[in-house]
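Notes follow once the structure below has been shown.
Hydrogens, waters and symmetry mates are skipped; everything else that's a heavy atom, side chains included, is used. Order of listing sets the numbers, starting from 1, for every ligand and every atom in it.
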Amino acid sequence: MSGRPRLRRWVCLDVGEVLVDETRLWSTWAATLDVPRLTFLALLGGAIERWGDHTRAFDLLGVPGWRDTEPEVKRAFGALRADDLYVDARSALVGLREAGMGVAVVANQPADRHAELLALGIQPDVMAMSGALGVAKPDPGFFARILSLLGNPPPGEVAYVGDRIDNDVVPSRAAGMRAVWLRRGPWSLLAEDTGGAAHLVVTSLAELAADPDAAWR
Ligand SMILES: [Mg+2]
């Protein structure tokens, strides 16, 4: 026999604050709204802490019609760049595949991110964005679509890796998957896993790639 060994388990990765450091995205919002970057980023943190909903930062700023600004932010941000990736993103994909894992990238993102990530060398076995799927986290239908995209493996053979307790950890566990909580970025560092929903907690993708089977222990 030659080629890759039979896929036994899947590791499914989120994008925001997992593969991609969103600093430039949120800084683009601050610049477009003409708000000092520190003020905007601090209000994001305050909104996450106070309400668990970062979009309330726009209420604090007095910009209730912020969604009208989205096209302008999208133009100013452009496509993802190599320096938007966390430094361990590409190497972790390689490491996970070398460990025999099937690797997927399925996340709440605009459809354009798919091609942008491929162009940056993020080339998993399966990739899909919510903007193309028409369903987003934390809807249970999103996790059902993941299983279907992976060829319907037993859910317990799929680990979902995300930074958010509410959008990633709790719903992936509810879908029968192994829930891996990546603690980086403001959503994770301001949260607590009060319900003990995560099967595994890591602080980098490199840590997970070094021992992905830890998600099943
Ligand atoms: Mg995320």
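- Of the options Leu150, Ile146, Asn152, a side chain to side chain contact (heavy atoms under 4.5 Å, CB included) to Ser148 is made by Asn152 and by none of the others.
- By the 30° and 60° cut-offs, the orientation of the rings of Phe58 relative to Trp66 is parallel.
- Counting only heavy atoms from C-beta outward, the side chains of Phe142 and Val106 approach each other to under 4.5 Å.
- By the 6.0 Å and 45° rule, Arg178 does not stack over the aromatic ring of Tyr160.
- Note on ring orientation: taking the six-membered ring where Trp is involved, the planes of Trp29 and Phe40 are parallel (angle under 30°, cut-offs 30° and 60°).
- Between the side chain of Glu22 and the backbone N or O of Glu17 there is no donor-acceptor pair closer than 3.5 Å.
- Only protein N, O or S atoms were considered, and those under 2.8 Å from the Mg ion (ligand 1) are Asp14 OD2, Gly16 O, Asp163 OD1.
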